[in-house]
J.: 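Pasting a structure here, questions to come.
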Amino acid sequence: MSFRIEKLRALKESNRDPYLITTAKQTHHAADIAAGFEELEGETATVAGRLLARRGMGKVSFSDLLDRSGSIQIFSRLNNLGEESYAAWQNLDIGDLVEVTGEVFRTKTGEVSIRNREWRLLSKSLRPLPEKYHGLRDTDTRYRKRYLDLIVNPEVRETFVKRSRIISFFREELNRRQYLEVETPLLNTIAGGAAARPFVTHHNALDIDLYLRIAPELYLKRLIVGGFERVYEIGRNFRNEGMSNRHNPEFTMLELYEAYADYHTMMDLTEALVAGACMEINGTYEIDYQGTALSLAPPWRRMTMIEAVRAYAGLDFDQIKTDEEAREAARGRGLEEVPASMTWGEALSKCFEAFAEEHLIQPTFLIDYPIEISPLTKIKPGTGGRLTERFEVFIYGREHGNAYTELNDPMDQARRFADQQRRREAGDEEATLPDNDFVEALEVGMPPTGGLGIGIDRVVMLLTNQPTIRDVLLFPTMKPVDKD
RNA sequence: GAUCCGCUAGCUCAGCCGGUAGAGCACCUGACUUUUAAUCAGGGGGUCUGGGGUUCGAACCCCCAGCGGAUCACCA
């Protein structure tokens, strides 16, 4: 590093301070030149980017220049540049940012290259980059210094380009379907719409605590009451819970609501969005995720929670009638921690999580959830009020989305909130908080509505074959390092 | 929050039974006018994550702490 600072000092003293340069020219990008070589051969092109490698041979040298599209070889020759310019070129460091102009040609060995006729140093790199061959492996450094990871590991760049394309695809598809993109508050006075512990912050002027939202649900449904009919929001949710390879404290959700629709509509839409995004970036519905072959070709399997528990836990909740029978069955099957207060629906849900969830490898809509864990969902007719019209999408044993036929009965909603409040008082910190203004909105009248939430980070993991959520977040949450 | 594993040069990694620090890339010097992990010759570079302990002697053994990773729990 000291050599580089010395070089910078020399540049400044000779009036060639690279940091004074404000713009540069890019007539082409590396990938375009490679792709359009037939038409571009012999043409003059100007590229700009970072010097990544140099293979010097005395009076001739080869360098790789990286721009946003990829890298291209620069061929520099003493005869073409002259003594002074060539010597200065040889004096550059790996990592420096340069602009190069010259003809497009192919070298002896067939590498598409630019013959360096004229160049400028655009910015100096004072720190050495990680090794070119092995790249940067250390996960700690990769996440904390993502810029290095992006420079040195091309597959990381690709993943984040794909992430952007997936989100664009969702937007385009929803806009095409006449959905309106909206923004709702991140700072909430009541953290509602999901079962999770919130982050707390404080507003000084109002002198009140505010919560970072755990879900936009209750605001988006107010907009359905307001008459927008189709709304969506892509944004961050914050949940003050554990971290894992599938969990980051802030994560990105696509949440959408469609009036005059139900959860069947939402299943079709889920398939269209996720399978569509897969086709968009992978060109196929057949993917490999961490060694497992998955087919995202619609239609996906649809199975009720009761069916799943019957199939994978061997317990038939259609035949189990009372809470007591359900607890006995769950205990008999080996479920740990079955409190005496556990209800039929809780037992069903716990049995699903414990015995069935991990088996849902191929895309599956798991439908009809117990009412106790679905306080914002409409009851499914003919189930004695025990089940609701809710589904979650499972792929590779992981939840990727959650949808309901939305509860629009204000009286029922008030009762559900009251029930959640009792659970909270009984010690369930994650029970949904009551929101009386939301109930008032329902009293104004909400049309029958279908709603859907898709965990974008997990979809990106799936479609880009990344094993951990940190690999699809540019800056995952990290503990600070004490530098002293 | 629990358990296990890891942390050695800028990067990727060796380091045997506890005996005084290594390689490749990168960097510096030199050679080389078509290389692509260029090649060849020479050179510089370390608070072995931090603190404590055991020992004649610690990168290595023990304890505490930090950060990361995996699994589990909570959850999406």
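Per chain, numbering begins at 1; letters A, B, ... match sequence-line order. Only heavy atoms go into these numbers, but all of them, side chains included; no hydrogens, no water, no symmetry mates. Computed from a predicted model, the values in this text were never measured in an experiment.
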J.: Using only atom types and a distance under 3.5 Å, with no angle test, would you say the side chain of Arg50(A) pairs donor to acceptor with the backbone of Leu65(A)?
T.: no

J.: Describe the nucleic acid contact of Arg246(A) in one word from base, sugar-phosphate, nothing, applying a heavy-atom distance below 4.0 Å.
T.: base

J.: In sequence, state the C-alpha distance, the side-chain angles, and the governing distance for Arg213(A) and Glu233(A), and then conclude on salt bridge (charged side-chain N to carboxylate O under 4.0 Å, His left out).
T.: CA-CA 13 Å; Arg213(A) 74 169 174 202; Glu233(A) 178 164 10; 2.9 Å; yes

J.: With distance as the sole criterion, do the side chain of Asn79(A) and the base of rU33(B) form a donor-acceptor contact below 3.5 Å?
T.: yes

J.: Is it true that the side chains of Glu346(A) and Ser349(A) contain a donor and an acceptor less than 3.5 Å apart?
T.: no

J.: Looking across every strand, which nucleic acid part, if any, lies under 4.0 Å from Gly56(A) by heavy atom: base, sugar-phosphate, or nothing?
T.: base

J.: What integer number of Å spans the P atoms of rU34(B) and rU39(B)?
T.: 16 Å

J.: Report the nucleotide, chosen from rG10(B), rA76(B), rC27(B), that has the shortest atom-to-atom distance to any side-chain atom of Ile469(A).
T.: rA76(B)

J.: NA contact type, Met243(A), heavy-atom cut-off 4.0 Å: base, sugar-phosphate, or nothing?
T.: base

J.: Looking at every strand, decide which applies to Arg470(A) at a 4.0 Å heavy-atom threshold: base, sugar-phosphate, or nothing.
T.: sugar-phosphate

J.: Which part of the nucleic acid, if any, lies within reach of Ala195(A) when heavy atoms closer than 4.0 Å are counted: base, sugar-phosphate only, or nothing?
T.: sugar-phosphate

J.: Specify the residue among Asn245(A) and Gly58(A) whose closest nucleotide of RNA chain B lies further upstream toward the 5′ end.
T.: Gly58(A)

J.: Give me the distance, rounded to whole Å, that separates rC62(B) from rG22(B) when you measure between the P atoms they each carry.
T.: 25 Å

J.: In whole angstroms, how far is the P atom of rU34(B) from the CZ atom of Arg115(A)?
T.: 13 Å

J.: Rounding to an integer number of angstrom, what distance separates rC74(B) and rC63(B) when you compare their P atoms?
T.: 31 Å

J.: State plainly whether the residues Arg144(A) and Asp140(A) are in salt-bridge range, i.e. N to O under 4.0 Å.
T.: yes

J.: Within the pair Lys145(A) and rG10(B), is there a side-chain N or O less than 4.0 Å away from OP1 or OP2?
T.: no

J.: Expressed as a whole number of Å, how far does the C1' atom of rC7(B) sit from that of rG51(B)?
T.: 16 Å

J.: Under a 4.0 Å threshold between the charged nitrogen and the carboxylate oxygen, would Lys132(A) count as salt-bridged to Asp64(A)?
T.: no

J.: Would you say Arg55(A) reaches rA38(B)'s phosphate, i.e. side-chain N/O to OP1/OP2 under 4.0 Å?
T.: yes

J.: If I take atom CZ in residue Arg197(A) and atom P in nucleotide rG1(B), what distance separates them, rounded to the nearest angstrom?
T.: 11 Å

J.: What nucleic acid atoms does Leu136(A) come within less than 4.0 Å of, heavy atoms only: base, sugar-phosphate, or nothing?
T.: sugar-phosphate

J.: Using a 4.0 Å heavy-atom cut-off across all strands, classify Gln73(A) as base, sugar-phosphate, or nothing.
T.: base

J.: Do the ring centers of Phe391(A) and Phe365(A) come within less than 6.0 Å of each other?
T.: yes

J.: Checking all strands, does Thr107(A) fall into the base, sugar-phosphate, or nothing category for heavy-atom contacts under 4.0 angstrom?
T.: base

J.: Between rG57(B) and rG44(B), how far is it from one P atom to the other, in whole Å?
T.: 31 Å

J.: Side-chain donor-acceptor pair under 3.5 Å between Thr364(A) and Arg301(A), yes or no?
T.: yes

J.: Have Arg390(A) and Thr388(A) got a donor and an acceptor in their side chains that come within less than 3.5 Å?
T.: no

J.: Considering every strand and a 4.0 Å limit on heavy-atom distances, what is the contact class for Met253(A): base, sugar-phosphate, or nothing?
T.: nothing

J.: Taking atom C1' in both rU47(B) and rA26(B), compute the distance separating them and give it to the nearest angstrom.
T.: 23 Å

J.: Is any side-chain nitrogen or oxygen of Lys132(A) closer than 4.0 Å to OP1 or OP2 of rA37(B)?
T.: no

J.: Heavy-atom nearest nucleotide on RNA chain B for Lys59(A) versus His134(A): which residue maps closer to 5'?
T.: His134(A)

J.: When the C1' atoms of rG15(B) and rA76(B) are considered, how many whole Å apart are they?
T.: 44 Å

J.: Tell me whether Glu389(A) is salt-bridged to Lys378(A), with the criterion being a basic N under 4.0 Å from an acidic carboxylate O.
T.: no

J.: Taking Arg117(A) for the side chain and Asn80(A) for the main chain, is one N or O donor matched with an acceptor at less than 3.5 Å?
T.: no

J.: Under 4.0 angstrom, heavy atoms only, what part of the nucleic acid is Arg144(A) near: base, sugar-phosphate, or nothing?
T.: sugar-phosphate

J.: Distance check needed: rC27(B) P versus Lys124(A) NZ, whole Å only.
T.: 11 Å

J.: Picking from rA73(B), rA76(B), rC11(B), which would you name as closest to the side chain of Arg239(A)?
T.: rA76(B)

J.: For the side chain of Met57(A), counting heavy atoms from C-beta on, which of rC28(B), rC32(B), rA26(B) is nearest?
T.: rC32(B)

J.: What nucleic acid atoms does Lys108(A) come within less than 4.0 Å of, heavy atoms only: base, sugar-phosphate, or nothing?
T.: base

J.: Taking only Watson-Crick and G-U wobble pairs with both distances under 3.5 Å, what dot-bracket line describes RNA chain B, where [ ] shows pairs that cross earlier ones and | shows pairs with another strand?
T.: (((((((..((((.....[..)))).(((((.......))))).....(((((..]....))))))))))))....

J.: Need one value for Thr468(A): base, sugar-phosphate or nothing, where a base atom within 4.0 Å counts as base even if backbone is also close, heavy atoms only.
T.: sugar-phosphate

J.: Need the glycosidic conformation of rC25(B): syn if within 90° of 0, anti if not. Which one?
T.: anti

J.: Taking only the C1' atom of each, what is the distance from rC60(B) to rU49(B) in whole angstrom?
T.: 16 Å

J.: Without decimals, in angstroms, what is the distance between Glu336(A) CD and rA73(B) C1'?
T.: 11 Å

J.: Considering only side-chain heavy atoms of Met478(A), which listed nucleotide, rC25(B), rC27(B), rG68(B), is closest?
T.: rG68(B)

J.: May I ask you to check whether Tyr257(A) and Tyr404(A) place their ring centres under 6.0 Å from each other?
T.: no

J.: Tyr143(A) near the nucleic acid: base, sugar-phosphate alone, or nothing, with a heavy-atom cut-off under 4.0 Å?
T.: sugar-phosphate

J.: Has the side chain of Arg137(A) got a donor or acceptor that lies under 3.5 Å from a partner of the other kind on the base of rU12(B)?
T.: no

J.: For Phe238(A) and rA76(B), give me the distance from atom CZ to atom C1', rounded to whole Å.
T.: 15 Å

J.: Nearest to the side chain of Phe62(A), which nucleotide is it out of rG69(B), rU35(B), rC11(B)?
T.: rU35(B)

J.: Give one of base, sugar-phosphate or nothing for Glu399(A), where a contact means two heavy atoms less than 4.0 Å apart.
T.: sugar-phosphate

